[in-house]
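Before any comments, here is the structure.
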Amino acid sequence: MSTNTLSRDLVSTDLDLWSDEVLADPYPHYKMLRDLGPAAYLSRYDMWITTRYDVVKNALMDWESFSSAHLGGVALSKEGREAWRGSVLESDPPVHGERRKVFNDVLRPKSIRRATGDIEARAAKAIDVLLKQGTFDGVVDLARDLPMNIVMDLVGWPDDGRDKMLEWASGAFNALGPEGNERMLNAFPKLQAGLDYVAENASKDKMAPESFGHTMFEAAESGAVPAEVVPIALNGFMHASLDTTIHSIGNLLMLFAQHPDQWEMVRADPTLVAQAYQEGLRLESPIQVFSRATTRDVDLGDGVVIPKDSRVVHSYAAANRDERHFENPEKFDIHRNAQDHLAFDFGTHACPGRRLATMEANALFTAMAQRVKTIELVGEPQRELNNTTRGWSSLPMRFS
């Protein structure tokens, strides 16, 4: 028996991380995995998972050992890796930096505002409409509204096809799931529909000037990026920017509904909105897990060695509730300094859209702090189960 086999047996578990039961309430299972060791071996899927804050953060910084391009990419199934081939997600430096530059240029705050207009005014109008409406759905009518319109404006996408993007985005994240997973298999028609639609309908002349889409086509014309990656880059940006931001807003809405004392503090001091949003990201990370592959044997200490050519899942959500790093990690505390959370990844692959998501959320919750006294649930919230993301599909609510 090899040393690597002995190491694996020390921290092996048959936990099905992608079962409905675990996805509905993953946090007790994350704690079990953290306590098991610096990494755990998921025997059902022949892959590893890291859940402790320091281990996850260090791994995210070490792209040479934990690669996004090795073994075909970041998806957990062969089908998923083939579908996302050529995307910026499935690349390492120097290729990653070359393709990422286009994202970074378009996603500067000045560029965002030039393409999308006054985000604060849009947010204020949305809240005023809901106050007049009475009861509403916090996901459908609020969390989706601003991100959907702003992301599509930023991409420069025409009105046609916008209504289908949310369904395609959910499919894209489910398609990152493991082999044989029912959600993963059912997601591929949605993922393919989105890829096909963009490939057939996206062109430079249809994209608004100075938009992300227009800039991508210009980059392809100049040779900065291969022309064949433009459709998948547009899909990847729209999918990642939509579902993650929508879930982060919906999750924070739910947290405030559950903790009215925290909302009272924000109302008394709206400058706390930015801090509250970061705490919401820490406590309920919109992206729960993301994978890499090892290019060498990685010794994590405590007798745990992840062998070369292993699939490894890094759990941002588990790391963000690690009691080794955060005091009282299960508590929602808007006064906590949660800036070091890992919800946006870290290092080379840190989310390029994090500024946009933060601008949108801060605008919405600041407008709410100035107008909304209470956030009340008036019906049964509905959880959306997804292989990668965590959020709600419905939050029946009322503002006063």
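Every heavy atom of this structure was used, including side-chain atoms; hydrogens, water molecules and symmetry mates were not. Quick caveat: nothing in here was measured; it's all calculated off a predicted structure.
Closest heavy-atom contact between Ile127 and Ala367: CG1-CB, 3.9 Å. Of all non-hydrogen atoms in Ala126 and Asp145, the two that sit nearest each other are CB-OD2, 4.0 Å. Contact detail for Arg321 and Leu283: the closest heavy-atom pair is NH2-O, 2.8 Å.
Between Tyr53 and His325, the ring-plane angle classifies as parallel under the 30° and 60° cut-offs. Aromatic ring pairs are classed by plane angle as parallel below 30°, tilted from 30° to 60° and perpendicular above 60°; the pair His341 and Phe344 is tilted.
A 6.0 Å sphere centred on CD of Gln133 holds more than 12 heavy atoms belonging to other residues, nucleotides or ligands.
Panel note: side chain Gln288, backbone Ser285; a donor-acceptor pair is recorded below 3.5 Å. The closest donor-acceptor contact from the side chain of Asp297 to the backbone of Lys308 lies under 3.5 Å. Judged by distance alone, the side chain of Asp62 and the main-chain N or O of Asn58 form no donor-acceptor pair under 3.5 Å. Panel note: side chain His70, backbone Glu64; no donor-acceptor pair is recorded below 3.5 Å. A donor-acceptor contact shorter than 3.5 Å is absent between the side chain of Arg371 and the backbone of Asp128. In this structure, Asn387 contributes its side chain and Leu176 its backbone to no donor-acceptor pair below 3.5 Å. Arg354 contributes a side-chain N or O that, together with a main-chain N or O of Cys351, makes up a donor-acceptor pair within less than 3.5 Å. Without hydrogens or angle criteria, Thr294 side chain to Pro307 main chain gives a donor-acceptor distance under 3.5 Å. When atom types are taken as modelled, the side chain of Thr388 and the backbone of Asn174 share no donor-acceptor pair closer than 3.5 angstrom. Remark: the backbone N or O of Asp14 is paired with a side-chain donor or acceptor of Arg44 at under 3.5 angstrom.
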| said: Checking Asp322 against Arg324 for the salt bridge (charged side-chain N to carboxylate O under 4.0 Å, His left out) test, could you report, in this order, the C-alpha distance in whole Å, the side-chain angles of both residues, the deciding distance, and whether it holds? | reply: CA-CA 5 Å; Asp322 186 0; Arg324 297 161 186 79; 2.9 Å; yes
| field | Worked verdict on His314 versus Phe290 for ring-ring contact (aromatic ring centres under 6.0 Å, His included) | value | CA-CA 5 Å; His314 299 312; Phe290 221 75; 9.7 Å; no
| task | Could you walk me through whether Arg336 and Glu327 pass salt bridge (charged side-chain N to carboxylate O under 4.0 Å, His left out), step by step? | result | CA-CA 9 Å; Arg336 186 197 305 272; Glu327 185 177 354; over 6 Å; no
| task | Check the pair Arg390, Glu384 against salt bridge (charged side-chain N to carboxylate O under 4.0 Å, His left out), reporting the backbone distance first and the verdict last. | result | CA-CA 7 Å; Arg390 180 169 171 82; Glu384 179 179 308; over 6 Å; no
| query | For Asp35 and Lys31, what are the C-alpha separation, side-chain angles and deciding distance, and is it a salt bridge (charged side-chain N to carboxylate O under 4.0 Å, His left out)? | reply | CA-CA 6 Å; Asp35 290 343; Lys31 177 168 173 42; 3.2 Å; yes
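Residues Ser248 and Tyr277 have side chains that bring a donor and an acceptor to within less than 3.5 angstrom of each other. A side-chain donor from one of Ser400 and Thr374 sits under 3.5 Å from a side-chain acceptor of the other. Side-chain contact, Ser68 with Arg292: a donor N or O sits under 3.5 Å from an acceptor N or O.
Within the model, atoms CE of Met397 and CE of Met254 stand 7.0 Å from one another, a figure rounded to the nearest 0.5 Å.
Inter-residue side-chain proximity for Leu142 and Phe399 is flagged as met; some heavy-atom pair is nearer than 4.5 Å.
By the rule that hydrophobic residues join a cluster once side-chain heavy atoms approach within less than 4.5 Å of another member, Phe365 and Val139 end up as members of one cluster.
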